[in-house]
Undergrad: 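Here's a structure for you.
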Amino acid sequence: MPLLLDDIDLTMPTAVKVVDPKFFSSKLTGNGKHKTGLLRGDLRPASTSRNSAHAAGTIDHIEVKSSSTQHGITTASIPFAPVLRRALTEAGGSFTLATPQDQDRCAVETGSTDWDVAFDMTPQGAKLVEDANGGGANGAPKMSRDFVVQYRMELYFLRKGHAEPERTPIASTTSGPGHHTAAAFVSWDNSPMDNAGAFVTEVLRAIGLTHRNPDLLVDWLTNEFNIHDRITRQAEIWDSEMIAEEILAYIDGLPASPTKQHLNALAVQLRYLENYNVPLEAYRSIHQKIETTFDNETAAALSKQNLNLLMSHTLFHLEGMKSQLTTVAAPGLAPVMPTHLSVQQRAALTTHEPLVMVQAGAGTGKSTVILERIKYLGSCGVAASDVTVLSFTNAAADNITAKNPDVGSMTIARMINDIYQLNHPMHELSSIDTIINSIDIFYPTSDFAAGFRLRLLEVDQNKTGAFTALNTYIENHFDEVIALLDMIKQTSLELEIIICYQRIDTMLEPTNVQCKYLIIDEVQDNSIFEFIYLLKYITKHAQSLFIVGDASQTLYEFRSANPRALNTLEGSGVFTTFKLTTNYRSNQEILDFANVVLGDLETNQFAGIQLQANSLAVPTAKSFQEKVTLDYRAVPKLTSFVAQDLAGIVGRTISRYVDACLARGEQVCFLAYSRREVTVIQTALEQVYPQRHVASLVSDRVFATDVFSKYIKLYWNDVLQVQPPAASFVVTQGIKNNLDKLTKNAGNQKVVMAVTGMVSNWWTENAATVRGWEQLYLQGVLTQDDFFERLRDSLLSFEIRHNAVRQSLVNQKNRDRKAKNAESDADLVVSTIHGAKGMEFDNVVVLHKEGAATTQASRREFYVAFTRAKKTEYILSYGTVKNPPIESSYAQIVSLLTKRDAQTAARAAGVDPDLLDDDGTDPGVFGDFSTVAQAV
């Protein structure tokens, strides 16, 4: 039986959620007390920028969290305040601010008999400029830093004799507080230490009052206002439902009949929320407010300004037509269920609800449930052709096809591509880089194309809110976008799903994607927009939807997979949910340790999964320590451990664990976060075990090239200066001569050889065609302009096909190698954690990095790693902390098991276990049962 998480002290460091300035950026070091870190104790609200051109001059409206580097100077923009400055100042509404607590504000003495006046400040945002070129002379540090914070200065007027309101309306200096019981005046400034006094004096003078205690304000700014603590408060708002309160108050401040300007300001504010992870409950509250405040068309338009709101909006409308969705008819005869299925699995796969979510923990038989669900649908009279299974990988889709050839099986990307290509057959799948170059080539002066190009570039750079902005831009310029893509004859996966979403009601669909019952596997790995598209697709076709996944195993955030997307479905109440908690892979000792990590994951907040082994064996403290080994290394610096220590530890220490596993004839897999770590481990293993095959599951990576399209963009005028018979030579030689301008890796010989080979292949494939065009030109049949247009299109087309073919070949090579190594029963295997997802091994060694502020993404990754082993696991952990959370977790498990062992031994000896002390000992005549427990 598993240890209950309720028995584990959740006040230990692993379970305490720390909200501090690092919520906004890992660069915000320091605790506001000591002399070290960016937010050090002596930091004051004054501008100390040494380079105002980089920082202060561009701080007015920080709307997006971003970072960019140019010429060794990195500039980071970091928003803090929940509501944008622009939203408050440019919309023209009756907005309010949360009234600060008495202990947080500075009293301003005016002598007024009507008003209590107080001053407060809110950090609005910051610019951090880091210059790697250094400060220069006189021992200046190598890295110079400018940190400029913009503050919203707030002067509150609270009428004497009235209760203070929770929120205070913002007033203007021209109108004054008037007859209101409270009013706030605001101004934004980068250096309140210098300018707050003037702001207070100016406001007071405008309404006939004077500032009688200016020294108190200076003292408050100097000694009481703590920048670290105030930024922390903003983080706490963003990370709780308080963020919804701010947005709801903002909406309440809009006029009853808002203008386009008001709605535009609200749209910008809603997009602004995508900067950080806002709680799902907050998004539900915001969406409900939008639905009840605005008409349907406006509510739909506003919901599209934020993907999380769009998800809530789509779920809202799906729920409204739930009764119209396809359902499963009862089977004529109750089908015979395989005996190996658990009660949980049977309940999930035999449900007749139209919208079903199966929350499946690691190793709980997700694939089994899907395969048995297909069989059950068949027993209910559903034709195989009416069932489609969407998988995340081609390998998973192929597996479904092999076992159910009549069932539709594909990846989501394949489904969308098939629909798109039926409607736009002339558009070839291309990379965003090539598309951007093509836009520059075909539309050099178009403002529309420039806007489209910018939004594509932001998506390519994975900038905050980029996908939302691209979706909105395409919606507002749909016909122009399609005309542009028709001209360049290209598209991308990102464009395909947006366009399919935009025209989902009118697009033709090929027969291979049509079905009545849709099943989605590994649903947690889908991007949030894929969720939105599929939910809208279900709504359109009134289909039945059965999804299986585990939000705690989301590892693909780099491709916009969002763990909170699945949580949104879980918490919506729209889906009937089932939980799978019986693990068929690992023993309970391994799962007890994994459960502690699982209990600390935000993604498990709704499912509340706690894994239990499919075994009657009861773990003991001894068996736990035998099957789960924790080896923690405290190091002075994290950066040096992998390079200096890891190989030696693998060779001298972990090899003893490996030797024991190999002696039992069992496999050992080493899992690490990065390719670099895996390489170090693999090299060390090959040196220690030269006679053993070390199989690697690490995939080759392939990057799309845009050398041809960039050459056309930058140097095509050079080609146009020669006669057509010489053009091909100019092109091939020009690409080789300008590699330093066409690629960042021109100094890498492999890159040079790859580009040279690409040029050679283009000429080999197209020489005869190009020579034919030359002859047509010499015969006067083809104009010079037509010749160069054909040559240009040939180069672009080759680049597109080259990237597609190379990606396909590498993907197939990776699948084949992974399958071969997985099936080879190699004694030793190495892999990244990503690469081992969905796999299992006899024994696993996990390289684990312990940090003071370990992210949820890292915790999910290690949860996956800790659930790969079937028999034993060895966790090599390192960090700078002396008493790390992972050691506390391990020790608590041992302590709890020891206590349980003693209670079991006491019962066996006829002693009441309730008489034992907390440490498992009996203070009476029966003595210490911990020794007895070992024997039992």
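Just so it is clear, the values below take in all heavy atoms, side chains as well, and ignore hydrogens, waters and symmetry mates. Counting begins at 1 with the first residue of the sequence. As the structure is a prediction and not an experimental result, all values here were calculated from the model.
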Undergrad: Any heavy-atom pair between the side chains of Met121 and Pro45 that's under 4.5 Å?
TA: yes
Undergrad: Ignoring hydrogens and angles, state whether a donor on the side chain of His162 or Thr181 is under 3.5 Å from an acceptor on the partner side chain.
TA: no
Undergrad: Between Asn31 (side chain) and His34 (backbone), is there a donor-acceptor pair under 3.5 Å?
TA: yes
Undergrad: Return the NZ to CG distance between Lys463 and Asn275, rounded to the nearest 0.5 Å.
TA: 12.0 Å
Undergrad: Applying side chain to side chain donor-acceptor pair (under 3.5 Å), run through His313 and Glu291 and close with a yes or a no.
TA: CA-CA 9 Å; His313 184 77; Glu291 289 286 343; 2.8 Å; yes
Undergrad: Take Thr99 and Thr168, measure what side chain to side chain donor-acceptor pair (under 3.5 Å) needs, and give me the verdict at the end.
TA: CA-CA 6 Å; Thr99 307; Thr168 300; 2.6 Å; yes
Undergrad: Determine yes or no for a side-chain-to-main-chain donor-acceptor pair under 3.5 angstrom, with Gln150 supplying the side chain and Pro123 the backbone.
TA: no
Undergrad: Identify whether the distance between the nearest side-chain nitrogen and carboxylate oxygen of Asp131 and Arg145 falls below 4.0 Å.
TA: no
Undergrad: Can you tell me if Arg152 uses its side chain to pair, donor with acceptor, with the backbone of Arg85 under 3.5 Å?
TA: no
Undergrad: How long is the span from the OG atom in Ser877 to the CD1 atom in Ile886, to the nearest 0.5 Å?
TA: 4.5 Å
Undergrad: Got a second to check how far Lys27's NZ is from Ser67's OG, nearest 0.5 Å?
TA: 5.5 Å
Undergrad: Between the side chain of Tyr276 and the main-chain N/O of Ala235, is any donor-acceptor distance below 3.5 Å?
TA: no
Undergrad: Using every non-hydrogen atom in the two residues, find where Leu263 and Leu302 come nearest and quote the distance to one decimal.
TA: O-CD2, 4.1 Å
Undergrad: Do other residues, nucleotides or ligands put more than 12 heavy atoms under 6.0 Å from the NZ atom of Lys160?
TA: yes
Undergrad: Decide yes or no for Ile73 and Glu130: does some side-chain heavy atom of the first lie under 4.5 Å from some side-chain heavy atom of the second?
TA: no
Undergrad: Hey, are Tyr156 and Glu154 close enough side-chain-wise for a donor-acceptor pair under 3.5 Å?
TA: yes
Undergrad: Can the ring centres of Phe199 and Phe185 be said to be less than 6.0 Å apart?
TA: no
Undergrad: Atom CD1 in Ile62, atom NZ in Lys127: separation rounded to 0.5 Å?
TA: 5.5 Å
Undergrad: Would you say Asp120's side chain and Pro100's backbone share a donor-acceptor pair under 3.5 angstrom?
TA: no
Undergrad: Hey, mind stepping through Thr468 and Gln305 against side chain to side chain donor-acceptor pair (under 3.5 Å) and telling me if it holds?
TA: CA-CA 6 Å; Thr468 302; Gln305 305 310 311; over 6 Å; no
Undergrad: Salt bridge check: are Asp116 and Arg159 linked by an N-O gap of less than 4.0 Å?
TA: no
Undergrad: Decide if the gap between the ring center of Phe225 and the ring center of Trp220 is smaller than 6.0 angstrom.
TA: yes
Undergrad: Heavy-atom distance under 4.5 Å between the side chains of Arg233 and Asp104, does that happen here?
TA: yes
Undergrad: Rounded at 0.5 Å granularity, tell me how far OG in Ser285 sits from CD1 in Ile247.
TA: 11.5 Å
Undergrad: Between Ile207 and Phe157, is a side chain to side chain contact (heavy atoms under 4.5 Å, CB included) present by the stated rule, with each step listed?
TA: CA-CA 11 Å; Ile207 55 180; Phe157 285 72; 3.2 Å; yes
Undergrad: For the backbone of Ala118 and the side chain of Arg105, can you confirm whether one donor and one acceptor N or O come within less than 3.5 Å of each other?
TA: no
Undergrad: When you look at NZ of Lys849, are more than 12 heavy atoms from neighbouring residues, nucleotides or ligands closer to it than 6.0 Å?
TA: no
Undergrad: Would you name the heavy atoms of Gln269 and Leu84 that are closest together and state the gap between them?
TA: OE1-N, 2.9 Å
Undergrad: Tell me, with the steps shown, if Arg167 and Glu246 meet salt bridge (Lys or Arg N to Asp or Glu O under 4.0 Å).
TA: CA-CA 10 Å; Arg167 301 191 69 87; Glu246 293 290 326; 3.4 Å; yes
Undergrad: Determine the interplanar angle of the Trp238 and Phe24 rings, folded into 0 to 90°, and report it as parallel if under 30°, tilted if 30 to 60°, perpendicular if over 60°.
TA: perpendicular
Undergrad: Should the heavy atoms of other residues, nucleotides or ligands under 6.0 Å from CG of Asp447 be counted, would the total exceed 12?
TA: no
Undergrad: Can you give me the closest heavy-atom contact between Ala469 and Arg455, atom names plus distance?
TA: O-CD, 3.9 Å
Undergrad: Hey, does the side chain of Thr69 reach the backbone of Gly72 with a donor-acceptor pair shorter than 3.5 angstrom?
TA: no
Undergrad: Quick one: closest heavy-atom pair of Ala249 and Thr96, and the distance?
TA: CB-OG1, 4.0 Å
Undergrad: For the pair Asn306 (side chain) and Arg271 (backbone), establish whether a donor and an acceptor sit closer than 3.5 Å, ignoring hydrogens and angles.
TA: no
Undergrad: Are side-chain heavy atoms of Val268 and Tyr272 found at a separation under 4.5 Å?
TA: no
Undergrad: Find out whether Met153 and Phe119 are in side-chain contact, i.e. whether some heavy atom of one side chain is under 4.5 Å from a heavy atom of the other.
TA: yes
Undergrad: Where is the tightest heavy-atom contact between Pro636 and Thr880, given as atom of each residue plus distance?
TA: O-CG2, 3.7 Å
Undergrad: With a 4.5 Å heavy-atom cut-off, do Leu270 and Ile286 have their side chains touching?
TA: yes
Undergrad: Please assess Leu221 against Arg44 for the test side chain to side chain contact (heavy atoms under 4.5 Å, CB included), listing each intermediate value before the final yes or no.
TA: CA-CA 7 Å; Leu221 289 168; Arg44 297 289 175 260; over 6 Å; no
Undergrad: Does His262 reach the main-chain N or O of Thr259 with its side chain, forming a donor-acceptor pair under 3.5 Å?
TA: yes
Undergrad: With a sphere of 6.0 Å drawn around CD of Gln288, does it hold more than 12 non-hydrogen atoms of other residues, nucleotides or ligands?
TA: no
Undergrad: Compare all side-chain heavy atoms of Tyr151 with those of Asn190 and state whether any distance is below 4.5 angstrom.
TA: no
Undergrad: Run Trp188 and Thr89 through side chain to side chain contact (heavy atoms under 4.5 Å, CB included) and show every step you take.
TA: CA-CA 11 Å; Trp188 282 263; Thr89 58; 3.4 Å; yes
Undergrad: What class does the angle between the rings of Tyr878 and Phe641 fall in, given that below 30° is parallel, 30 to 60° is tilted and above 60° is perpendicular?
TA: parallel
Undergrad: Is there side-chain contact between Pro885 and Glu850, with at least one heavy-atom pair below 4.5 Å?
TA: yes
Undergrad: How far apart are the closest heavy atoms of Ala171 and Ala183, and which atoms are they?
TA: CB-CB, 4.0 Å
Undergrad: Donor-acceptor pair, distance only, cut-off 3.5 Å: does the side chain of Glu458 make one with the backbone of Asp460?
TA: no
Undergrad: Checking Leu128 against Thr75 for the side chain to side chain contact (heavy atoms under 4.5 Å, CB included) test, could you report, in this order, the C-alpha distance in whole Å, the side-chain angles of both residues, the deciding distance, and whether it holds?
TA: CA-CA 6 Å; Leu128 173 61; Thr75 302; over 6 Å; no
Undergrad: For the atom pair CG (Leu204) and CG (Leu209), what is the distance rounded to the nearest 0.5 Å?
TA: 5.5 Å
